[in-house]
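Taking it in order: structure first as structure tokens, then the write-up.
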Amino acid sequence: MPELPEVETVARGLRAALSGRRVSAARVLLAHHMRPSPEALVAGLVGSTFVGVRRRAKHLLLDLDDARCLVVHLRMTGQLRCHRPGDPLARHTHLVLTFVDGGELRWRDVRRFGWMELVAHADVDRLPALAALGPDALEIEAPDFVAALRGSRRAMKAFLLAQDVVSGIGNIYADEILFGARVHPRQVAAGLSARRAARVHAVMRDVLTRAIGAQGSSIDGQYVAVDGAPGAFQFQLQVYRRTGQPCVVCGTPIRRAVVAARGTHWCPRCQVRR
DNA sequence: GTCGATGTTATCAA
DNA sequence: TTTGATAACATCGA
């Protein structure tokens with residue numbers, strides 16, 4: 001499931017693969033979640049050239065040469081991949097962009113939760129989904145992060161998942177960050193000591209940075225990079241989906257429960273609620 | 001064949 | 001303020 005590290009990996013891949021390439025044709029296979037409309041998207045993309053790629057939390061911003069931007073959210077199962085023209089078309093491919101050099105960019109999304117919207121550059125920040133975002137998890141500084149913690153009565157798991165507070169973290173990394181910081185997922189944010197709050201911030205950066213270094217986590221074959229390669233961070237996960245397995249630190253079986261409406265994994269001995 | 005779980009986000013109710 | 005339920009959807013495994 002693409003979270004900040006996975007989206008960042010895709011953004012880097014697209015930046016290298018897309019920049020300077022002009023779209024010669026666009027084919028919609030499933031007209032779903034394309035704004036303002038599939039027709040407008042096709043008409044707007046054909047003839048345009050990609051000039052750069054940015055990431056905003058879990059959103060991809062594909063900048064075009066005509067002062068417009070294709071904003072993409074992969075949600076649960078979305079994939080953007082580069083292909084050769086003859087590559088077999090995978091099931092659930094919704095959109096195929098063909099470049100003047102013959103190569104293709106394909107958007108695939110099994111569960112169809114993802115969306116894309118073509119907007120003018122000037123309007124990017126006005127998209128409701130982007131306007132509501134808090135600072136990026138990799139950019140927020142410790143004092144601001146600690147202040148946000150102080151002001152929240154939410155459970156830590158819910159706090160890390162709330163995109164309007166700190167953006168980019170999803171279920172996998174929320175669990176990994178809380179384990180790394182030795183904080184219980186149901187711990188009330190404002191109840192953390194200054195010392196522990198600072199530790200959560202440091203661990204958040206460390207976990208996300210290492211996950212980017214490993215090209216993200218590929219779980220159930222969902223997320224892959226632009227070239228189809230899986231990430232490697234799933235092999236370093238310490239609690240996520242390790243229910244019943246021994247804690248890597250103390251050997252206590254990892255517990256699982258639903259917290260903030262998500263499957264949540266933690267070590268009952270290392271992560272004590274206070 | 002059915003059912004539950006999967007995890008992101010918007011929306012609405014409490 | 002915050003939480004919980006629901007809905008969007010397909011796939012997999014029990």
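Throughout, protein chains are lettered first and strands after them, A, B, ... in sequence-line order, and every chain is numbered starting at 1.
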> Which pairs with one or both residues in residues 182-217 of chain A pass ring-ring contact (aromatic ring centres under 6.0 Å, His included), sequence neighbours excluded?
Replying inline: A/Phe145-A/His201, A/His184-A/Trp266

Which atoms of nucleotides 11-14 of chain C (N or O only) lie under 3.5 Å from a protein N or O atom, and what are those distances?
from: C/dT11; atom 1: OP1; to: A/Arg91; atom 2: NH2; distance (Å): 2.8
from: C/dT11; atom 1: OP1; to: A/His92; atom 2: NE2; distance (Å): 2.5

> Can you list every salt bridge (Lys or Arg N to Asp or Glu O under 4.0 Å) pair that touches residues 40-64 of chain A, not counting sequence neighbours?
Replying inline: A/Glu8-A/Arg55, A/Arg54-A/Asp63, A/Arg55-A/Asp136, A/Arg56-A/Asp125

>> In this structure, how many angstroms lie between the C1' atom of B/dA5 and the CZ atom of A/Arg241, rounded?
In response: 9 Å

>> Strictly below 4.0 Å, N to O, side chains only: are A/Arg126 and A/Asp123 in salt-bridge contact?
In response: yes

> Could you give the CD-to-C1' distance, from A/Gln222 to B/dT6, as a whole number of Å?
Replying inline: 8 Å

>> Going by the rule side chain to side chain donor-acceptor pair (under 3.5 Å), which residues pair with A/Tyr173 if we only count those two or more places apart in sequence or in a different chain?
In response: A/Glu6, A/Ser217

> Other hydrophobic cluster members with A/Leu127, side-chain heavy atoms of Ile/Leu/Val/Met/Phe/Trp/Tyr under 4.5 Å, chained?
Replying inline: A/Leu61, A/Val71, A/Trp115, A/Val119, A/Val124, A/Leu130, A/Leu133

> Between B/dG1 and C/dA8, how far is it from one C1' atom to the other, in whole Å?
Replying inline: 24 Å

> Mapping A/His33 and A/Arg153 to their closest nucleotides on DNA chain C, which lands nearer the 5' end?
Replying inline: A/Arg153

>> Running the 4.5 Å side-chain criterion over Ile, Leu, Val, Met, Phe, Trp and Tyr, what cluster does A/Val96 land in, apart from itself?
In response: A/Leu29, A/Leu89

>> I'd like the P distance from C/dA5 over to B/dG4, given in whole Å.
In response: 15 Å

>> Mind checking if A/Ser152 touches a base, just sugar-phosphate, or nothing, with heavy atoms under 4.0 Å?
In response: sugar-phosphate

>> Tell me every residue that passes side chain to side chain donor-acceptor pair (under 3.5 Å) with A/Ser48, counting only those two or more places apart in sequence or in another chain.
In response: A/Asp66

>> Using a 4.0 Å heavy-atom cut-off, does A/Ala155 contact any base of the nucleic acid, only the sugar-phosphate backbone, or nothing at all?
In response: sugar-phosphate

> Which pairs with one or both residues in residues 227-241 of chain A pass salt bridge (Lys or Arg N to Asp or Glu O under 4.0 Å), sequence neighbours excluded?
Replying inline: A/Asp220-A/Arg241

Donor-acceptor contacts under 3.5 Å from residues 248-263 of chain A side chains, at least two apart:
none

> What one-letter contact string describes nucleotides 8-14 of chain B from 5' to 3', where B marks a base within less than 4.0 Å of any protein heavy atom, S marks contact via sugar-phosphate atoms alone, and - marks no contact?
Replying inline: BBS----

>> My validator wants the stems of DNA chain B: runs of 3 or more consecutive Watson-Crick or G-U pairs, both distances under 3.5 Å, written as range with range.
In response: B:2-6 with C:10-14, B:8-14 with C:2-8

Under 3.5 Å donor-acceptor pairs involving side-chain atoms of residues 147-162 of chain A, not counting sequence neighbours:
from: A/Ser152; atom 1: OG; to: A/Arg154; atom 2: N; distance (Å): 3.1
from: A/Lys157; atom 1: NZ; to: A/Asn171; atom 2: OD1; distance (Å): 2.6
from: A/Lys157; atom 1: NZ; to: A/Asp175; atom 2: OD1; distance (Å): 2.5
from: A/Lys157; atom 1: NZ; to: A/Thr264; atom 2: OG1; distance (Å): 3.1

>> Rounded to whole Å, how long is the line connecting atom CG of A/Asp220 with atom P of B/dG4?
In response: 20 Å

> Hey, is the side chain of A/Arg154 poking within less than 4.0 Å of OP1 or OP2 on C/dT3, counting only N and O atoms?
Replying inline: yes

>> Nearest to the side chain of A/Arg112, heavy atoms from C-beta on, is which of B/dA5, C/dC9, C/dT2?
In response: C/dC9

>> What verdict does the side chain to side chain donor-acceptor pair (under 3.5 Å) test give for A/Arg108 and A/Gln79, after you've listed the backbone C-alpha separation in whole Å, the side-chain angles of each residue and the deciding distance to 0.1 Å?
In response: CA-CA 5 Å; A/Arg108 185 173 175 250; A/Gln79 299 177 345; 3.2 Å; yes

>> Just the rounded figure in Å: distance from C1' of C/dT3 to CE of A/Met156.
In response: 17 Å

